Amino acid sequence: MAYETLIVEIEDYVALIRLNRPDALNALNAKLLDELGDALAAADANDKVRCIVLTGSEKAFAAGADIKEMSEKSFVDVFTSDLFGANTEPMLRCRKPIIAAVAGYALGGGCELAMMCDFIIAADTAKFGQPEINLGVVAGIGGTQRLTRFVGKAKSMDMHLTGRFMDAAEAERSGLVSRVVPAAKLLPEAMAAARKITEKSALATMAVKEAVNRSYETTLREGLLFERRLFHALFATEDQKEGMSAFLEKRQPQFRDR
Ligand code: CO8
């Protein structure tokens, strides 16, 4: 399917989704978020996709919500339309792993979008920030909640209150990103990670997503029980038998998602 604000390519069971509004540094307008929701739902439903990589351009992953589009809206407009509510849902509902590959600016809604992915690989050029304070607003799709869980209260408060940017090295040190690579290696690194994930049992990758995400929602005791029950449940799958037999027979497993 052709999109106005995205470029989507599927190869080797990886869907690469590029945000593509170069004139606005990939600012997130309603069209882009609607299309992204559609593309993610389509990738989630597509048997030829086992992992998703979301990226932007060299200069910007996304410089935030589209300020031009938002500036004249009233409270009634944004409240009644539930601005950025429904069209960010497919990201949360997607059961396949999503890797954010971030180069350049990931600001405001751009930083929040990256944090909604399962993990972030950053180029050494990446700059993260929640500068909404400079516009007289606050983050709107999870920045105050997710950034605080990722980097802790002190740094999150610093970022949200001053609007300063965090470079890639600080983001890695702080736990916001999983790895930092030279800009030229960003996509190869993200695609290699995605391809590695495509080789696993989809049942186990779904279980990983559910269990890790549950850790943000529940107590340690409940989370541990949830994890153990998933672990137990996977013993009902052919993939568990295959994975363990392959290890013992010193060969690569052939998972069939059963
Ligand atoms: N919205 C609309 N247009 C933008 C945005 C944006 N967020 N960011 C950049 N642009 C446009 C600029 O207006 C400019 O367009 P034009 O050439 O027509 O004037 C073009 O992109 C290039 O930008 P600059 O000339 O400013 O490029 P610089 O390299 O000088 O600066 C910066 C790059 C530092 C990234 C700068 O553009 C900037 O500060 N941008 C705004 C960053 C920001 O404040 N982001 C937060 C937005 S609010 C937000 O995200 C709220 C989230 C709540 C919910 C989110 C749901 C998705």
Side-chain angles (χ1 to χ4, degrees), residues 3-6 17-41 52 54-94 98 100-117 120 122-151 155-168 170-171 176 183 186:
Y3 296 101
E4 207 177 283
T5 62
L6 307 175
I17 303 179
R18 286 174 200 265
L19 308 180
N20 187 38
R21 293 190 69 216
D23 295 343
L25 301 184
N26 292 332
L28 309 169
N29 61 6
K31 179 83 183 169
L32 184 151
L33 287 170
D34 287 347
E35 289 193 340
L36 182 58
D38 290 349
L40 287 169
I52 298 159
L54 181 62
T55 196
S57 67
E58 270 175 34
K59 182 154 187 207
F61 177 74
D66 191 311
I67 300 168
K68 281 179 204 144
E69 191 179 71
M70 285 187 301
S71 62
E72 296 300 322
K73 289 191 190 297
S74 68
F75 166 74
V76 174
D77 294 334
V78 297
F79 183 65
T80 53
S81 67
D82 192 22
L83 187 70
F84 308 133
N87 51 13
T88 53
E89 272 296 311
M91 180 77 126
L92 302 176
R93 275 202 304 267
C94 183
I98 309 175
V102 174
Y105 297 109
L107 304 177
C111 184
E112 295 170 289
L113 191 63
M115 290 190 290
M116 288 168 87
C117 297
I120 303 173
D124 51 9
T125 58
K127 286 187 170 43
F128 298 89
Q130 298 289 162
E132 290 91 341
I133 192 91
N134 299 328
L135 304 169
V137 291
V138 299
I141 48 168
T144 61
Q145 306 304 298
R146 290 199 179 89
L147 190 65
T148 307
R149 283 166 161 83
F150 291 172
V151 306
K155 244 182 221 300
S156 179
M157 278 287 191
D158 180 358
M159 304 282 292
H160 284 283
L161 288 174
T162 67
R164 79 172 174 90
F165 300 165
M166 195 188 258
D167 67 18
E170 185 180 4
L176 176 57
L186 178 65

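Both counts, for ligands and for their atoms, begin at 1 and track the order of listing. Please read all numbers here as calculations on a predicted model, not as lab measurements. All values below were derived from every heavy atom in this structure, side-chain atoms included, with hydrogens, water molecules and symmetry-related copies excluded.
At a distance under 4.0 Å, a protein heavy atom can be found next to atom 7 (N) of ligand 1. At a distance under 4.0 Å, a protein heavy atom can be found next to atom 45 (N) of ligand 1. Per-atom contact check: atom 19 (O) of ligand 1 does not touch the protein, criterion being a heavy-atom distance below 4.0 Å. In this structure, atom 25 (O) of ligand 1 has its sub-4.0 angstrom surroundings free of protein heavy atoms.
Judged purely by atom type and a 3.5 angstrom limit, R21 uses its side chain to pair as donor or acceptor with the backbone of A27. Here the side chain of H160 pairs no donor or acceptor atom with the backbone of T148 at under 3.5 angstrom. Distance alone, capped at 3.5 Å, is enough to place a donor-acceptor pair between the E112 side chain and the G142 backbone. Checked by atom type and distance alone, the side chain of E35 never pairs as donor or acceptor with a backbone atom of Y3 at under 3.5 Å.
Residue contact annotation: N134 has no non-hydrogen atom under 4.0 Å from ligand 1. A heavy-atom separation below 4.0 Å is not found between L113 and ligand 1. In this structure, K59 counts as a contact residue of ligand 1, since one of its heavy atoms falls inside 4.0 Å of the ligand.
Ligand 1 places these atoms under 4.0 Å from at least one heavy atom of L135: 44 (O), 47 (C), 48 (S). Close approach of ligand 1 to L33 (heavy-atom distance below 4.0 Å) involves ligand atoms 57 (C). In summary, the atoms of ligand 1 found under 4.0 Å from a heavy atom of D23, numbered by their order in the structure, are 15 (O), 20 (C), 21 (O). Which parts of ligand 1 touch L107 is read off a 4.0 Å heavy-atom cut-off, strictly below it: atoms 35 (C), 42 (C).
To the nearest 0.5 Å, the span separating OG1 on T144 from CD on E132 amounts to 9.5 Å. Note: K68 NZ to N29 CG = 10.5 Å, rounded to the nearest 0.5 Å. For the atom pair M166 CE and Q130 CD, the distance stands at 10.0 Å (nearest 0.5 Å). One finds the CG atom of L19 at 5.5 Å from the CZ atom of F61 (value rounded to the nearest 0.5 Å). Rounded to the nearest 0.5 Å, atoms CG (N87) and OG (S81) are 9.0 Å apart.
Among A63, G64, P131, the residue whose heavy atom lies closest to atom 40 (N) of ligand 1 is A63. Nearest to atom 1 (N) of ligand 1 by heavy-atom distance, out of N26, L32, I67, V78, is I67. Across Y105, F165, F84, heavy-atom proximity to atom 54 (C) of ligand 1 is greatest for F84.
The two residues K73 and E69 come nearest to each other via the heavy atoms CE-O, 3.6 Å. Pairing each heavy atom of K127 with each of F165, the nearest pair is CD-CD1, 4.2 Å.
For D66, heavy-atom contacts with ligand 1 shorter than 4.0 Å involve the backbone as well as the side chain. At a 4.0 Å heavy-atom cut-off, ligand 1 touches A65 through backbone and side chain alike.
Within the 4.5 Å cutoff, the side chain of L54 has heavy atoms near those of the L113 side chain.
Closest to atom 12 (C) of ligand 1, if we only count protein heavy atoms, is K68 NZ, 4.8 Å. Counting protein heavy atoms only, atom 36 (C) of ligand 1 is closest to L25 CD1, 4.7 Å. Here the protein heavy atom with the shortest distance to atom 10 (N) of ligand 1 is A24 O, 3.8 Å. Closest to atom 53 (C) of ligand 1, if we only count protein heavy atoms, is G140 N, 3.3 Å.
Under a cut-off of 6.0 angstrom, the local environment of CD in E89 is crowded, with over 12 non-hydrogen atoms contributed by other residues, nucleotides or ligands.
For a threshold of 3.5 Å applied to N or O pairs, the pair formed by A27 and ligand 1 contains no separation below that value.
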